[in-house]
Amino acid sequence: MKMEKIKEENHWAVETEQISYTYEGNEKKALDGVSLKLKKGRKIAFMGGNGSGKSTLFLCMNGILKPQEGKVRINGSPMEYTRKSLLEVRRKVGIVFQEPDDQLFSASVFQEISFGILNLGVDEESARKEVERVIEKLGITPFRDRPAHALSGGQKKLVSIADILVMHPEVLILDEPAASLDPKHRKLVRSIIGQLSESGLTILMATHDVDYAYAWADEIVLLHEGKVLRHGTPRQVCGDEEAMEQANLEAPAVMRLYRQLLRRGVIGPGEEQPKTIEDLERRISG
Amino acid sequence: MIVIDKLCYQSKLRYVNASEKFVYAVLTLAMCVASRSALTAAVVFFVNVYLTVAKGGIPFARYGKLLLIPAAFLLVSTTALVVNLSRVPLDAFAFPMGGWYLTGSTSSVLEALRLCYKALAAVTCLYFLSLTTVMTDILGVLRKLHIPGLVIELMMLIYRFIFLLMETASAITTSQNSRLANRDYRTKLRSFGGMGSALLVRSIKRSGALYDAMEARCYDGELKVLPEERPAKKREILFIAGYETVLLGMAVWSWVR
């Protein structure tokens, strides 16, 4: 009974408490007192310019970097930097890195994907099944027999996502997953991310695409020079003109357009603000 | 190297069990080296060409070009074996040059010929392996042979990253050339040096990023991956066994004759 109560109480997937990190040889802090509480099962977008600390924050969340100050808690338990507990943390929190070529170490797609799950100590047969399942699920089958150096950027990205999914993480971190993809693969990757979030996974994603973040996310974290500038719902964050300007971001197109249309009286104040251009189109035509 | 890599991914024999192909290539190579008869070498040569080109579907012209590379080396090295500079003329040929002769003996000519056909046949064995078996499969076989893990992991990483290295190098060179970096000999040298140092810096950075990414996937010092195996076929094993027995017979016969 008591156990259940504890379970119920902890609905934070990742918490950071005043964490700061400075890279060796740098004077400026990459992270400067970041405190965040990220709810389980949420889709959370991280925005901010290059060097705002997104990637550093992600590496702290999976124990690759140990913040010099502050604490990180995963699933309620504070991160300890022993080998055993780090392995546990890294199983729970998976990172898909921005550059697939920095992540894929094997020339064989199948071997590449099998790496993570074998590290968890799973026996070969179940590992093989799991790898096959992920290959099937992400549509990697048509190019699974090609060497990594013959894959396109989008295909490499799919493999790097499969790399992590095979480990069944509870929290999936995606560092600019759509960067430098062609429109076809961007759409594909985004639809996969959409499916994953429906399965209850907590997804943290760094992105520069305001329109996408606004439509996709449940929460947006705005980072600037290693500090949290704003954390809230997309509407709150994108509506905060001051914070957006400081982060060098513009409000989402649909938000700006909606405001104009509202002001000119083209559409009446509805029950809800549209999140995508398609929503807005429907409102205007309907 | 890249040509061979591309071709072997297209080979129709790619999905044949890798251990079979490996054993075939190594055994045939051993027989070919051990045997003294020209016939063995000829058989090995033609069977390998047949398997690689006809069965594997490697274009014949490509294969011929690849064979020319070792052939050129052979020509140069056997010439050195055959041609002597001596005061006395030998029995095969002799060209007088002042008081000396550019000359060779019949036995050395025969020896050189034997070396040539043996070496060419041996090369076709290796070409068979490298034109039908992809690197990751060969590594799987080496793992089965209990080659130390560190060696295999290194080979795996080198094979993966050599392509990235070349890609990066060629991208840097292209961008240098588009800024007239190859205007004359001096600038060429300087830009080559610049490319080298940029490559080193990028490689170091990349290796750090790769290590982070592997750690993020619970890496603990050993690169564990699942081997991808194709089932061995009885018919193929029987063929290989029969063929090698014939070769062995020919090799033994060439010695006792």
Side-chain angles (χ1 to χ4, degrees), chain A residues 55 58-59 61-65 83-84 86-122 124-125 127-132 144-150 160 163-164 166-167 169 173 175, chain B residues 1-2 4-11 14-15 18 133-140 143 152-168 170-171 202-230:
Chain A
S55 298
F58 289 158
L59 291 176
M61 286 174 177
N62 136 313
I64 298 290
L65 297 180
R83 206 181 134 262
K84 208 181 144 206
L86 277 181
L87 288 184
E88 188 55 28
V89 164
R90 288 171 189 165
R91 187 191 68 73
K92 282 184 189 153
V93 183
I95 304 185
V96 177
F97 287 82
Q98 183 180 351
E99 178 56 65
D101 276 336
D102 288 344
Q103 188 182 324
L104 311 185
F105 67 86
S106 173
S108 142
V109 169
F110 184 85
Q111 292 188 354
E112 171 64 39
I113 299 174
S114 71
F115 175 69
I117 189 161
L118 285 181
N119 286 339
L120 302 181
V122 173
E124 277 203 12
E125 201 178 321
R128 196 174 288 273
K129 264 187 213 151
E130 204 47 47
V131 173
E132 293 289 350
R144 62 176 289 174
D145 287 323
R146 263 191 256 165
H149 49 264
S160 64
D163 268 357
I164 306 303
V166 78
M167 299 173 77
I173 298 178
D175 200 349
Chain B
M1 191 201 98
I2 302 205
I4 293 183
D5 185 68
K6 272 196 186 143
L7 288 174
C8 85
Y9 274 98
Q10 294 160 10
S11 171
R14 182 187 157 190
Y15 298 118
T133 317
V134 301
M135 191 62 189
T136 43
D137 288 351
I138 295 181
L139 292 181
R143 193 169 282 131
I152 293 173
E153 285 172 18
L154 270 177
M155 288 174 79
M156 182 157 92
L157 291 176
I158 290 170
Y159 176 66
R160 164 84 177 104
F161 285 99
I162 195 137
F163 291 97
L164 284 181
L165 198 74
M166 283 190 299
E167 245 170 56
T168 318
S170 106
R202 283 193 204 186
S203 304
I204 291 173
K205 236 181 156 176
R206 177 153 267 163
S207 73
L210 178 78
Y211 186 72
D212 280 352
M214 294 207 301
E215 277 226 292
R217 285 196 280 159
C218 302
Y219 173 64
D220 64 347
E222 193 194 342
L223 278 178
K224 285 174 259 183
V225 291
L226 278 180
E228 243 180 318
E229 276 171 32
R230 320 279 168 184

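Chain letters run A, B, ... following the sequence lines, proteins first and then strands; every chain starts at 1.
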Is chain B contacted by the side chain of A:Leu104, its backbone, both, or neither, given a heavy-atom distance below 4.5 Å?
-> both
Closest-packed option against chain B by number of heavy-atom pairs under 4.5 Å, given A:Leu86, A:Asp163, A:Val131 = A:Asp163
Between A:Ser106, A:Ala148, A:Ser160, which shows the greatest number of heavy-atom pairs under 4.5 Å with chain B?
-> A:Ser106
Heavy-atom side-chain proximity of A:Asp101 to B:Arg160 below 4.5 angstrom = yes
Are the side chains of A:Pro147 and B:Val134 in touch, meaning some heavy atoms are under 4.5 Å apart?
-> no
Calculate, to the nearest 0.5 Å, the distance between atoms CD and CG belonging to A:Glu130 and B:Leu226 respectively.
-> 11.5 Å
Highest number of heavy-atom pairs under 4.5 Å with chain B: which of A:Glu88, A:Glu124, A:Arg83?
-> A:Glu124
Part of B:Leu164 lying under 4.5 Å from any heavy atom of chain A = side chain
Heavy-atom distances under 4.5 Å only: say whether B:Met214 touches chain A with side chain, backbone, both or neither.
-> both
Judged by modelled atom types alone, do B:Tyr15 and A:Asp145 share a side-chain donor-acceptor pair under 3.5 Å?
-> yes
Residues at least two apart in sequence or cross-chain that pass side chain to side chain donor-acceptor pair (under 3.5 Å) with A:Gln98, listed by chain then number, are A:Glu176
Return the option, out of B:Glu228, B:Glu167, B:Arg217, B:Glu215, with the maximum number of heavy-atom pairs under 4.5 Å with chain A.
-> B:Arg217
Would you mind reporting whether A:Met167 and B:Cys218 have side-chain heavy atoms less than 4.5 Å apart?
-> yes
Under 4.5 Å from any heavy atom of chain A - which part of B:Leu139 = neither
Of all the residues in residues 110-119 of chain A, which have a heavy atom that comes within less than 4.5 Å of a heavy atom in chain B?
-> A:Phe110, A:Gln111, A:Glu112, A:Ser114, A:Phe115, A:Gly116, A:Leu118, A:Asn119
Are B:Tyr159 and A:His149 close enough that their ring centres sit under 6.0 Å apart?
-> yes
Looking at residues at least two apart in the chain, or sitting in another chain, which of them share a salt bridge (Lys or Arg N to Asp or Glu O under 4.0 Å) with B:Asp137?
-> none
Please list every donor-acceptor pair under 3.5 Å in which a side-chain atom of residues 204-213 of chain B meets a protein atom from a residue at least two apart or in another chain.
{"residue": "B:Arg206", "atom": "NE", "partner": "A:Asp102", "partner atom": "OD1", "Å": "2.9"}
{"residue": "B:Ser207", "atom": "OG", "partner": "B:Ile204", "partner atom": "O", "Å": "2.8"}

